[in-house]
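Everything below concerns the one structure shown next.
Labels below follow one simple rule: chain letters A, B, ... track the order of the sequence lines, proteins then strands, and each chain is numbered from 1. What's counted below: heavy atoms across the whole structure, side chains too, no hydrogens, waters or symmetry copies.
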Number of protein chains: 2
Amino acid sequence: MRESRTSRPPRAIDVAAAAGVSTATVSRAFNAPEKVLPEVRDKIFAVAAELGWLPNAAGAALASRRTWLAGVLIPTLDHDVFAAQVNALQARLSASGITVLIGCSNYDLDEAADQVRVMLARGIEALAVVGELQRPELFEMISARGVPYVVMYSHSPKSPHPCVGFDNQAAFSKLTRYLLDLGHRSFAVIHQPSSDNDRVLARLAGIRDALASEGLALRPQHVFEGQATFEFGRESLRKCLGGPGPHPTAIICGNDTLAIGALIEARAMGIDVPGALSITGFDDLPIAEFTSPPLTTMRVDNVAIGKAAADYLLNRLGQQPIVPRDAFEADLIVRGSTGPAGS
Amino acid sequence: MRESRTSRPPRAIDVAAAAGVSTATVSRAFNAPEKVLPEVRDKIFAVAAELGWLPNAAGAALASRRTWLAGVLIPTLDHDVFAAQVNALQARLSASGITVLIGCSNYDLDEAADQVRVMLARGIEALAVVGELQRPELFEMISARGVPYVVMYSHSPKSPHPCVGFDNQAAFSKLTRYLLDLGHRSFAVIHQPSSDNDRVLARLAGIRDALASEGLALRPQHVFEGQATFEFGRESLRKCLGGPGPHPTAIICGNDTLAIGALIEARAMGIDVPGALSITGFDDLPIAEFTSPPLTTMRVDNVAIGKAAADYLLNRLGQQPIVPRDAFEADLIVRGSTGPAGS
DNA sequence: TTGAAAGCGCTAACAC
DNA sequence: GTGTTAGCGCTTTCAA
């Protein structure tokens with residue numbers, strides 16, 4: 001541990017010298033302990049600790065052609081859903097000695113490709129990426145290098161990529177079908193920015209599909225696209241019900257934040273939910289259970305998705321037989337914010 | 001871009017050969033473009049793109065003794081506060097070409113030290129760490145290597161470390177003082193696990209200090225420590241008011257999640273807030289504005305903290321004159337969940 | 001402005 | 001079981 005801040009960090013050769021062995025043995029002591037005599041090994045560990053030696057990862061990577069680095073590309077860390085996935089993925093990989101590089105694209109496809117470029121330059125050996133709507137070059141780069149990857153969170157049946165996630169379109173069809181079964185025939189949608197976002201696009205498609213099966217469609221003036229904030233949810237509900245009729249009896253929101261915003265505004269406007277209006281969310285945030293009325297929404301197990309993505313990559317890295325991933329399910333959680341269509 | 005997945009990735013020497021220059025010139029073209037003839041440079045860029053060459057970071061790090069890596073150590077990504085800080089810090093550093101390694105300690109000091117060890121082995125050149133309550137070896141390791149660091153989020157006046165954050169103790173004293181000024185004399189506290197957590201410990205000290213200045217103290221049966229969930233907030237409020245008297249007129253919660261849980265339970269129990277009971281939180285979550293009644297809480301600008309931490313480290317790395325950081329403020333946001341002590 | 005050559009710190013054959 | 005040696009892919013003097 002003694003070492004002045006002026007001198008450079010110790011190297012394997014310093015440990016070797018102090019322990020009276022060669023650098024090869026120092027390396028073995030740490031990477032293949034069983035190949036070193038216990039007493040020699042202990043001596044080396046003691047000396048290494050004494051000197052505060054940490055094996056330089058760049059040197060190791062260069063010599064062994066292994067970086068023990070993986071990457072995960074997400075839109076932003078500022079969203080519970082992605083944070084939960086990354087947290088789980090990282091916990092799993094780090095338990096296997098793999099360091100995770102986290103790249104945030106800020107929902108920008110070019111930034112996403114840039115981040116992957118940087119990660120590849122750093123030598124990631126595997127990659128998890130949220131969303132399959134990416135610049136083609138992104139997948140080309142990783143394929144060219146033979147880096148195993150998995151698309152996380154999204155999962156569409158026709159995807160050419162290995163996926164660990166759920167089918168957004170099917171989930172929103174299921175949700176819409178539930179509302180149709182309650183008798184609703186006039187819908188509004190409040191959703192997040194859809195450009196370059198396959199999840200949002202799939203959700204909208206799911207809604208439209210389910211409606212079309214009943215010969216229904218969304219009126220353009222009943223579709224609101226904007227930032228996923230309480231404020232946008234409120235504002236959209238106000239515009240939606242404030243304008244000239246006909247008015248929807250059910251509002252499908254792209255996520256819980258928008259739905260709670262809508263719920264808050266409905267309350268402020270004195271609208272009876274679910275008597276006069278049904279509202280749904282997506283994500284099942286912890287607070288969804290406690291809004292008034294409690295929010296009908298859908299739940300996805302993001303921790304399980306993160307773990308599964310990590311396991312998939314670990315298998316690919318270990319040349320293990322690859323367990324074909326079945327899609328995750330989004331569960332419908334029916335609470336008080338939805339009810340039969342008003343008369 | 002053409003390259004079979006069987007062959008190894010191209011190296012600088014391949015680019016050099018194809019461009020008819022030496023590897024030194026390839027290196028210069030990317031790292032000191034002004035030292036290379038424009039036409040030669042363009043040729044190199046074209047060839048590099050054609051070959052899909054990405055400079056191997058391990059090789060570069062070894063030769064240049066620069067990794068362009070920084071680390072950030074947080075308890076967990078699963079918490080808006082830390083996610084926001086990391087997001088901002090990473091955005092800033094990545095704009096300067098620095099890759100950020102994110103380590104999560106899961107609130108465990110030994111894991112924290114381990115994470116830092118791994119980061120140092122990878123060659124981080126700077127480190128931001130949440131919380132100053134750490135194993136001494138953690139600070140020893142980074143000092144021994146002369147790695148600049150900053151304690152993020154926490155800031156105590158007497159800290160021996162460079163800090164970018166706010167004074168938790170002062171913040172909770174201010175909050176408690178506000179309640180005292182409203183006439184409250186009997187308090188309860190619902191807080192997060194305090195072991196090994198300097199922020200929570202400081203918050204409790206802040207409350208106790210302010211109370212002591214009025215000759216008051218917390219009754220042991222009015223202090224609840226547990227996970228920061230809605231459920232623990234609810235359960236604690238129930239226990240607190242369900243037991244034999246005397247009952248507090250004000251409940252200070254360690255964060256908004258606990259406070260909202262308490263608010264939900266108070267509502268369920270038919271207790272008038274703030275008429276019969278005042279409740280406060282901390283963090284000013286977006287939802288805090290919309291609870292009923294809206295939550296009195298404190299706000300800290302976590303994005304600004306993340307940015308400031310990044311700027312501090314950037315300055316240290318650039319040998320810039322170090323701007324002494326002044327502490328951030330936690331602002332009291334008074335809303336409807338607090339009022340004068342009931343009669 | 002460019003090239004030659006010597007490493008950066010470590011691992012992996014191959015000998016012993 | 002351990003040492004010797006030859007790189008891994010890049011940057012950086014130093015010359016030219």
Side-chain angles (χ1 to χ4, degrees), chain A residues 3 7-45 47-48 51-69 97 118 120-125 145, chain B residues 3 7-45 47-48 51-69 97 118 120-125 145:
Chain A
E3 181 196 344
S7 74
R8 285 179 14 202
R11 294 157 304 159
I13 201 172
D14 301 321
V15 176
V21 297
S22 71
T23 57
T25 302
V26 172
S27 175
R28 281 188 207 103
F30 285 85
N31 301 321
E34 74 285 358
K35 293 189 177 170
V36 177
L37 230 45
E39 51 203 273
V40 176
R41 200 199 304 155
D42 293 344
K43 172 74 176 162
I44 291 173
F45 289 160
V47 168
L51 260 43
W53 178 70
L54 295 176
N56 178 311
L62 218 43
S64 68
R65 303 162 158 293
R66 296 279 274 124
T67 57
W68 299 94
L69 234 36
V118 169
L120 286 172
R122 294 228 174 245
I124 54 165
E125 303 179 327
R145 289 170 182 255
Chain B
E3 181 194 344
S7 74
R8 285 182 11 208
R11 294 155 306 158
I13 200 171
D14 300 320
V15 176
V21 296
S22 72
T23 58
T25 302
V26 171
S27 176
R28 283 188 206 104
F30 284 85
N31 301 321
E34 73 286 357
K35 292 187 179 171
V36 177
L37 230 46
E39 51 202 273
V40 177
R41 196 200 304 154
D42 293 344
K43 171 74 177 165
I44 292 173
F45 289 162
V47 168
L51 260 43
W53 178 69
L54 295 176
N56 178 312
L62 215 45
S64 68
R65 302 161 158 295
R66 295 280 273 124
T67 58
W68 299 94
L69 235 36
V118 169
L120 285 172
R122 295 227 174 245
I124 54 164
E125 303 179 328
R145 290 172 179 252

Item to complete: Using whole Å, report how far CD of Glu34(B) lies from C1' of dT1(C).
Response: 12 Å
Worksheet item: Please, which pairs that meet salt bridge (charged side-chain N to carboxylate O under 4.0 Å, His left out) have at least one residue in residues 15-41 of chain B, sequence neighbours excluded?
Response: none
Item to complete: Could you tell me which residues satisfy salt bridge (charged side-chain N to carboxylate O under 4.0 Å, His left out) with Arg65(B), sequence neighbours excluded, listed by chain and number?
Response: none
Worksheet item: Taking CZ from Arg122(A) and P from dC10(D), how many angstroms apart are they, rounded to a whole number?
Response: 14 Å
In residues 9-20 of chain B, what donor-acceptor pairs under 3.5 Å come from side-chain atoms, sequence neighbours left out?
unit_1	atom_1	unit_2	atom_2	d
Asp14(B)	OD2	Arg11(B)	N	2.7

Fill in: Whole-Å distance separating the CG atom of Leu51(B) from the P atom of dG9(D)
14 Å
Discussion item. Applying side chain to side chain donor-acceptor pair (under 3.5 Å), can you list everything that pairs with Asn31(B), at least two apart in sequence or on another chain?
Written reply: Ser27(B)
Item to complete: Can you see which heavy atom on Val21(A) is nearest to which on Ile44(A), and at what distance?
Response: CG2-CD1, 4.0 Å
Worksheet entry | Listed partners of Thr67(B) passing side chain to side chain donor-acceptor pair (under 3.5 Å), at least two apart | none
Response to the item:
The side chain to side chain contact (heavy atoms under 4.5 Å, CB included) partners of Ser64(B) (sequence neighbours excluded) come to Arg66(B)
Item to complete: Figure out the NZ/C1' separation between Lys43(B) and dT2(C), and round it to whole Å.
Response: 17 Å
Item to complete: Would you kindly give the CD1-to-P distance between Ile13(A) and dC10(C), to the nearest whole Å?
Response: 10 Å
Discussion item. Taking ring pair (Phe, Tyr, Trp, His ring centres under 6.0 Å) as the cut-off, I'd like each qualifying pair that reaches into residues 9-40 of chain B, sequence neighbours left out, listed once.
Written reply: Phe30(B)-Phe45(B), Phe30(B)-Trp53(B)
Worksheet item: Under a 4.0 Å heavy-atom cut-off, which of residues 19-32 of chain B touch DNA chain D?
Response: Thr23(B), Ala24(B), Ser27(B), Arg28(B), Asn31(B)
Worksheet entry | Interatomic distance where CG belongs to Leu120(A) and C1' belongs to dG9(D) [whole Å] | 16 Å
Discussion item. From NZ of Lys35(B) over to C1' of dG3(C), roughly how many Å is that when rounded to an integer?
Written reply: 14 Å
Worksheet item: Which residues within residues 53-68 of chain B lie with some heavy atom under 4.0 Å of an atom in DNA chain C?
Response: Leu62(B), Ala63(B), Arg65(B)
Fill in: Listed once per pair and sorted, the salt bridge (charged side-chain N to carboxylate O under 4.0 Å, His left out) pairs that draw on residues 15-26 of chain A, sequence neighbours left out
none
Worksheet entry | Contacts of Leu62(A) that satisfy side chain to side chain contact (heavy atoms under 4.5 Å, CB included) - sequence neighbours left out | Asn56(B), Ala58(B), Leu62(B)
Worksheet item: Looking at five pairs on each end of the helix from dT1(C)-dA16(D) to dC16(C)-dG1(D), what is the angle between the two axes, given to 10 degrees?
Response: 30°
Worksheet entry | Test log, rule side-chain contact (heavy atoms from CB on, under 4.5 Å), inputs Leu69(A) and Arg122(B) | CA-CA 10 Å; Leu69(A) 234 36; Arg122(B) 295 227 174 245; 3.4 Å; yes
